Amino acid sequence: MEVRVEYEDLPAILSIPEAIAASSFFDLRPGLPGRDHLHLCRLEGDVDGEMPKEEREGERMELLMGSLEGRSDIQIVEGEVFMKGQEHFYLETNACRVEPGENDEMTVTSSTQNPSKTQKLVSEVTGLPRHKIVSKCKRMGGGFGGKETRSCFIAAYVAIAAQHLQKPIRLMMDRDTDMLSSGQRHSFMGSYKVAINRNTLRLEAADVRVYNNAGWSTDLSVPVCERAVFHIENACMISNLQVRGFVCKTNTPSNTAFRGFGGPQGMFIAETYIEHAAKALGVSREDVLSRNLYRQNDLTHYGMRIQTDTLHEVWGKAMTQFDFEKRKKEVEAFNASNRFVKRGLAVSLSKFGMSFTKTFMNQSGALVHLYQDGTLLVSHAGTEMGQGLHTKVAQVAASRFGLPLSAVYISETSTDKVANTQPTAASVGADLAGMATFIACGQILERLSDFVETEERKAKEKRENVDRQTIIARAATAAHFARVNLTGQGFYATPDVAFDWQRGRGRPFYYFAHGISCSEVQLDTLTGDHAVIRADIIQDVGSSLNPAIDVGQVEGAFTQGLGLFTLEETVFNDKGGMFTKGPGAYKIPSFGDIPHDFRVSLLGKPNTEVETVYSSKGVGEPPLFLASSVFFALKNAAYAARRDHTEAMTNGALKEAPAKDPTDTWHFRLDSPASSEKLRLACWDPLNHSLPEELRGRS
Ligand code: MTE
Ligand code: LUZ
Ligand code: MOS
């Protein structure tokens with residue numbers, strides 16, 4: 001025996017509350033001593049540009065809350081809420097093939113959103129310089145953020161084996177190993193104290209803390225937390241808002257990017273405290289939302305100016321298009337005449353910040369070759385994972401040249417075509433690669449324009465009826481004989497974005513992508529089983545580059561969000577072992593879970609906020625949070641069941657007296673996902689009335 005391993009089990013930190021109890025947080029801002037969390041704050045009367053000091057602002061916020069607490073027109077609510085993570089469940093698990101070549105060359109072909117990071121890591125573990133490593137990806141069978149970084153480590157292991165054996169090595173992970181090891185969406189916890197005005201329904205102040213479960217390494221957990229604190233007010237203007245964000249170091253697998261990237265978690269905490277405040281006043285979440293939506297020129301809690309009134313516009317549009325008021329009455333009538341089956345209706349909005357929060361990542365490149373037959377080969381920094389990026393980028397090139405789509409080809413993404421790239425993520429793939437390609441095409445067209453003119457004139461003179469591709473082919477050939485470069489190399493960096501974390505001020509996002517949804521659900525209060533009867537969505541994608549793709553993205557994001565908020569649940573045992581390692585124990589949405597009546601529409605207005613490629617907006621992640629309308633509709637259905645029960649108690653049908661403060665009984669905490677178990681227990685009735693308090697969904 002050559003190795004004898006001696007080990008003992010140490011106590012493990014698995015959950016966010018355990019991490020908080022042990023103060024187990026990652027240091028977020030190396031170089032800034034004592035900074036174990038992010039802090040953003042804006043207070044009314046605060047002078048923009050002044051150095052915000054966390055201590056000073058924290059104190060001012062406490063004073064403000066204290067004075068609001070004493071006011072009779074103000075209601076204060078306090079609470080916390082948990083949100084679980086999510087497995088990516090891309091159909092293709094992580095896979096990669098490494099082939100060593102002559103002169104220490106190495107070709108890495110992998111299923112990755114991040115070919116350049118793959119190249120970097122393979123270079124580091126093999127000791128080979130990066131110019132000998134070509135890292136490529138033709139397409140992925142889905143990524144959803146799970147292959148933004150985690151795929152790169154797998155390529156590194158495989159590269160070591162390939163280097164050692166000098167043989168091509170291929171690895172494709174089994175589903176259980178992939179689920180167990182590659183990280184998931186971050187679970188979050190939020191705690192809040194919020195002040196709302198009873199008369200105006202204005203959200204006067206909010207003091208919020210968010211925590212995410214990073215697992216054992218930081219990976220992308222810091223930017224995930226950044227995105228959460230940037231979205232902690234979702235669509236509402238709250239003039240006094242403070243948020244702190246903590247990244248918990250635990251002994252679980254390291255969590256990573258997942259569609260929305262902390263945005264949905266931040267927005268869920270926001271909608272939870274908004275709902276709490278609404279219920280405390282006996283009004284609906286929609287009543288509070290409609291009074292507090294951002295208006296043009298409002299400033300966010302990080303000092304970014306809101307450039308349009310789109311939130312009000314989509315709200316107004318949605319209320320009529322979705323027939324909200326009428327259907328709300330219908331739902332109430334249904335609930336009045338049904339005892340054990342309840343319906344619920346709810347609206348959700350999202351305002352998603354478009355750009356990587358790490359400013360340097362907002363860059364992309366493209367390499368475009370024009371051949372003498374009038375066809376284009378486009379290579380760009382982005383990867384294809386089913387989101388239709390290559391189609392959109394090919395459309396950009398085709399329309400720039402006036403060529404049919406069939407004249408443009410995108411073969412793969414490769415680090416020897418476009419180097420030093422960022423991952424395809426943050427839903428800005430088409431914004432960035434589309435613009436870089438637009439620029440690269442422009443370079444060729446500029447050099448070609450005289451030749452095109454000549455060929456057009458010649459064809460006209462000969463009364464020849466030729467198509468555009470023939471003209472471009474003839475022009476390209478003529479240009480080639482005149483020794484003109486037919487290759488373009490475009491580079492694009494998103495303008496105007498910057499953020500200063502020390503001041504907590506700046507413009508992290510180039511623009512916002514807005515959306516609104518309304519879901520109607522039916523809940524069986526005896527089993528917790530539920531169905532989405534109808535879901536309506538309006539998503540702002542600017543001038544859509546491709547409506548078929550965009551509608552598909554909206555449907556996909558919503559459905560994935562529906563899984564997040566109602567179905568999917570990762571379960572660990574008390575030693576940190578993952579129980580949910582495959583489809584047998586982990587349930588993603590299937591056909592029956594899709595809204596029975598699913599009405600997706602696009603706002604259809606060009607992006608007027610900023611200049612983007614053909615005035616479009618990114619679409620991949622923003623609509624995911626819209627599925628929270630299913631969650632809040634289910635919660636409303638549960639409220640209806642509880643109302644029946646409260647009435648039964650008041651009538652003397654049940655013994656327990658209702659609590660004194662009606663707001664106490666009214667609002668209840670519902671953590672995400674709103675699984676069947678949780679919903680069943682939240683619906684009070686004589687049967688579960690005998691359960692212990694904490695199991696009755698009361699908190
Ligand atoms: N759509 C499909 N079919 N498959 C995917 O893996 N990933 C999503 C979204 N849509 C994904 C998808 C995520 S997480 C992001 S960030 C964007 O696509 C990335 O692509 P884009 O920037 O080109 O929109
Ligand atoms: N990835 C990342 C992302 O590295 N930074 C981001 O801001 C981001 N946002 C959304 C999705 N992925
Ligand atoms: Mo998406 S989480 O930005 O890959």
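Numbering of ligands and ligand atoms starts at 1, following listing order. Fair warning: this is a prediction, and the values are worked out from it, not measured in the lab. Numbering of residues begins at 1 and proceeds along the displayed sequence.
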Side chain, backbone, both or neither: which applies to Lys392 and ligand 1 if a contact is any heavy-atom pair less than 4.0 Å apart? neither
the protein heavy atom lying closest to atom 9 (N) of ligand 2 turns out to be Arg227 NE, 2.9 Å
Are any of the N/O atoms in Gly145 less than 3.5 Å from those in ligand 1? no
Go through the side-chain N and O atoms of Tyr510 and Thr612 and say whether any donor and acceptor fall under 3.5 Å apart. no
Relative to atom 7 (O) of ligand 2, which among Thr357, Thr424, Asn362, Thr359 owns the nearest non-hydrogen atom? Thr357
Among all protein heavy atoms in this structure, tell me which lies nearest to atom 4 (N) of ligand 1, with the distance rounded to 0.1 Å. Met385 O, 2.9 Å
Within the structure, is a non-hydrogen atom of Glu621 found at a distance of less than 4.0 Å from ligand 2? yes
Tell me, please: is Ala425 in heavy-atom contact with ligand 1, that is, under 4.0 Å? yes
Atoms in ligand 3 with a heavy atom of Ala425 nearer than 4.0 Å: 3 (O), 4 (O)
Please write down residue, atom name and distance for the protein heavy atom closest to atom 6 (O) of ligand 1. Gly143 N, 2.7 Å
Backbone or side-chain N or O of Ala426 under 3.5 Å from ligand 1 N or O: no
Take every heavy atom of Glu148, measure it against each atom of ligand 2, and state whether any distance is under 4.0 Å. yes
In the protein, what heavy atom is nearest to atom 10 (N) of ligand 1, and what distance, to one decimal place, separates them? Gln553 OE1, 2.7 Å
Classify the contact between Ala426 and ligand 2 as side chain, backbone, both or neither, using a heavy-atom distance cut-off of under 4.0 Å. both
Short version for Ala557: what comes under 4.0 Å of ligand 1, heavy atoms counted, is neither
Is the shortest N/O to N/O distance between Gln387 and ligand 1 below 3.5 Å? yes
How does Val428 reach ligand 1, by side chain, by backbone, by both or by neither, if only non-hydrogen atoms under 4.0 Å count? backbone
Of Gly434, Ala430, Gly429, the residue with the heavy atom nearest atom 22 (O) of ligand 1 is Gly429
